[in-house]
Structure formats: structure tokens, C-alpha cells
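The block underneath contains the structure these notes are about, expressed in C-alpha cells.
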Amino acid sequence: MDQQQLERTARALVAPNKGILAADESTGTIKKRFDSIGVESTAASRIGYRETFFTAKGANENISGVILYDETLRQNIGDGRSVPKALMGVGILPGIKVDTGAKPLVGHPGESITEGLDGLLDRCQEYYKIGARFAKWRAVYKIFDGKPSHACIHANAHALARYAAIAQEAGLVPIVEPEVLMDGDHTIEAYEAVSGWAWAEVFRELCYLNVHLEGILLKPNMVLSGTTCPTQASVSDVAEATVRLLRRVVPPAVPGIVFLSGGQSDVRATEHLNAMNQLGPHPWELSYSYGRALQAPALKAWAGSAANAPVAQAAFLHRARCNGAARTGTYTPAMEAAPARA
Ligand code: 13P
């Protein structure tokens, strides 16, 4: 394992004004996104859609890396170049989702364990050869009926740490993603308690497995009110709770924290990140690894037609610029009114 290379890659992913585009929806998830705009999901439509992001001119100003799904890492864009080559050509690092999904945690109804450890070193080594430089593994925890259980918290933390150690061995920077879902009527206080427990357990396991903390990125949920909680915390409450908890649990050795958007609206995800960075300086970079919050307006604009690519790209670049500004706490609502430039 080349620790210095891992550190350089991790720092490049959280370079100033930049963050990550999560475009690693599994075949099932991207079908759901396409269903929402009435577009059939095929290998051709999937690369057609994703290529819109990969070829958006100027994306590299605010996008440091893109997380890909196995299929996409092996596809070519319209001009015949492979996806990793096209991304590297503009200084964007290709990443790869390496887990094989959240499956039912046997003995614990309603809870899940993320799978994919078998054969993982071989797969990571192959991904590195194809061009990937970082990886992602997502653990999922749901708050309901006194859950998550200790079994769920522990099993997922252990799997995340096993994955992180293996990814580093293959030269890939592991994005460690413990996602406590925002679905539910839990309060922000309950969300903070569960998130703190999940994250602390993850760092304990990372230490047991000798993971090089300077060469990882943490991808957590923000601490907010559950989606159906009657009282919704304000942007400043969310920023304060999230930063407070991260300070308690995440060692300063970790170079960056790249939040998921988790179902927040695109603008709200930007506002939250901006408010957190206004509370700095922090011991780690606070950045983004958004899927829906970077893609949603572009998906609608694209609507299944290559002819709409310029409008979709403008919508994507606009969100990327807003989030880039949120990296320094300089995002303002007036930016939303500014005309989107392609
Ligand atoms: P969202 O930002 O849509 O939550 O996606 C991020 C991600 O990669 C989830 O694993």
C-alpha cells in the first residue's frame, strides 16, 4: 500500500471549491430515476444520460471525482473514449462503487447489512487497472421502533472497515459511507444520537483493521429532522448539530468529509453545506458527494433526449457551482437566480 499516494488522492478529491458527483446508481436505482421521467433504462440510455455529466465543459472546476457503477466504468462515451479516459482527460478522478448492495440482516427484521467482501481485493485491483482511483461502500441504517440494533451498527461498521482496508491495499481511496436514513418521524436529537453511535463504531473498527485514516474520506448523512418529523430543524440547527457531532467523533487525521444528500432538495443540500462551512475553520474539509442533489434538475432537463444535453449540462453546472461556493461558505440565494451558463 502506498500511503502517500492514497493521501494525495484523498486530498485531491476535497481540493478547494470541489466535490464529488455520485453517479453510481445501481441498475435498479437508475431505472427508478428514469421511470420518473418516462424513459426506458437500457445500457445505451444510461451512458447517454451519464455522458451528459462527464462531458459538461467546466465541470472540472467544481467536480473532483465521479463515482461510477461497474457497468459505466467499462462503457465508452459517444466519441469512442472509455469513461475513465474521458474523465481523467479533464482532471476528474474516476471512482467505483464496490459494494453489492444492502441485503436483509438475517435475524433482524427491517434492518440491512451491506454485502460485497468476497473477492473484493481482486475486484479492487481490476478496478485500479481500468482507471479507478477511489471506491465507495454504503452502509444503511434505519431509525424505527428502537432500531437500529447493536447488531446492525456493529456488523455494518465491521464490513465498512474490512472494505476500507482492502480498497487501500489495492491503491483505491475508500469513501466510507455510513448512511443513517432521513426517512421517518425522528427528531434531530434522535438522529444525532444514532448517527454518533454509528460513526463512532465505524472509527473503532477502522482502527482495529489498521486503516490509514489520512487516506480515507467519510461520507455521512447530515444530522437533521426525519422527513416526516412534525418539527423541522432550521438550516443553522442542522449545521450546528452536524458539525458538533463530527467534532466529537471524526479524528482530524481524516482529510475530508463528503456529505451525501440523502433525499434533501438540491437547494437545501447546498444551504446546509454552506452553513456548516460558515462555522469553520474545521479540522477536515467539508465537501459534497451528492447524487440526487447534483443530478435532479439535469435529469428533468435531459428527459431522455441527447438534444437536451446543453440544457441538462447547464442545470448540472449550476448546481456544481453553487455547491463549490458552499465549500467556502460563500453561497448566497442570489446565486440561484443567476442565469445558468452552459
Ligand atoms: P444522494 O446524494 O442522492 O444521497 O446519493 C449519494 C450516494 O452516493 C448514496 O450512496
Side-chain angles (χ1 to χ4, degrees), residues 13-14 19-34 36-37 49-50 53 62-73 93-103 112-116 132 134-142 156 159-160 163-164 167 172-184 191 195 198-199 202 216-224 226-227 238 242 256-273 276 286-300 315-316 319-320 322-324 326:
L13 287 167
V14 291
I20 296 169
L21 167 66
D24 60 323
E25 300 84 1
S26 62
T27 309
T29 302
I30 196 73
K31 182 180 179 316
K32 275 190 226 151
R33 305 273 188 269
F34 280 15
S36 75
I37 52 163
Y49 168 63
R50 287 167 167 153
F53 297 100
N62 301 111
I63 300 293
S64 55
V66 179
I67 317 175
L68 304 163
Y69 189 57
D70 181 279
E71 174 188 74
T72 322
L73 187 75
L93 291 168
I96 178 75
K97 181 221 293 292
V98 299
D99 67 68
T100 55
K103 304 287 159 58
S112 67
I113 174 72
T114 300
E115 296 190 347
F134 69 104
K136 180 191 110 171
W137 179 291
R138 171 176 176 255
V140 185
Y141 314 85
K142 191 165 165 49
N156 277 293
L160 274 167
Y163 139 75
L172 303 175
V173 166
I175 293 188
V176 174
E177 181 177 7
E179 176 176 6
V180 183
L181 296 175
M182 59 190 277
D183 312 318
Y191 208 175
S195 301
W199 301 347
V202 166
I216 72 163
L217 295 173
L218 179 71
K219 177 165 176 169
N221 51 284
M222 297 178 195
V223 175
L224 24 81
T227 325
V238 169
T242 307
I257 292 164
V258 291
F259 292 98
L260 58 93
S261 60
Q264 302 176 53
S265 76
D266 44 8
V267 172
R268 193 39 71 91
T270 305
E271 290 171 343
H272 283 150
L273 180 64
M276 283 189 267
L286 290 188
S287 185
Y288 47 94
S289 174
Y290 293 159
R292 285 161 286 181
L294 274 169
Q295 293 186 44
L299 175 70
K300 273 203 200 124
F316 164 59
R319 288 263 50 87
C322 289
N323 287 306

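Worth knowing before you read on, the calculation uses all heavy atoms, side chains too, and leaves out hydrogens, waters and symmetry mates. Keep in mind the model is a prediction, meaning the values are calculated, not measured. Read the numbers this way: they start at 1 and go in the same order the structure lists the ligands and their atoms.
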Which of the atoms of ligand 1 are close to [X], meaning less than 4.0 Å from one of its heavy atoms?
X    : answer
Y290 : 2 (O)
R138 : 9 (C), 10 (O)
S289 : 6 (C)
S261 : 1 (P), 2 (O), 3 (O), 4 (O)

State, without any angle test, whether [X] and [Y] hold a side-chain donor-acceptor pair at a distance under 3.5 Å.
X    : Y    : value
D99  : T114 : no
Y163 : E177 : no
D266 : S261 : no

Worked check of ring pair (Phe, Tyr, Trp, His ring centres under 6.0 Å) between F259 and Y288:
CA-CA 5 Å; F259 292 98; Y288 47 94; over 10 Å; no
Looking at ligand 1, would [X] count as a contact under a 4.0 Å heavy-atom criterion?
X    : result
A269 : no
K136 : yes
K219 : yes

Minimum-distance protein heavy atom relative to [atom]:
atom                   : answer
atom 4 (O) of ligand 1 : G262 N, 2.7 Å
atom 9 (C) of ligand 1 : E177 OE2, 3.3 Å
atom 5 (O) of ligand 1 : G291 N, 3.5 Å

When you measure from the side chain of Y141 to the backbone N and O of E179, does any donor-acceptor pair fall under 3.5 Å?
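Side chain of Y141 to backbone of E179, a donor-acceptor pair under 3.5 Å: no, none is there.
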Would you call R292 and E25 a salt bridge, using N to O less than 4.0 angstrom?
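No.
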So, do Y290 and V258 sit near enough that their side-chain heavy atoms are less than 4.5 Å apart?
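Heavy-atom side-chain distance check fails, nothing below 4.5 Å.
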Under the side-chain hydrogen bond (donor to acceptor under 3.5 Å, both in side chains) test, residues paired with D24 that sit two or more places apart:
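For D24 the side-chain hydrogen bond (donor to acceptor under 3.5 Å, both in side chains) partners, ignoring immediate neighbours, are K97, K136.
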Proximity of R292 to ligand 1 by residue part, where a heavy atom lies under 4.0 Å:
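Both of them.
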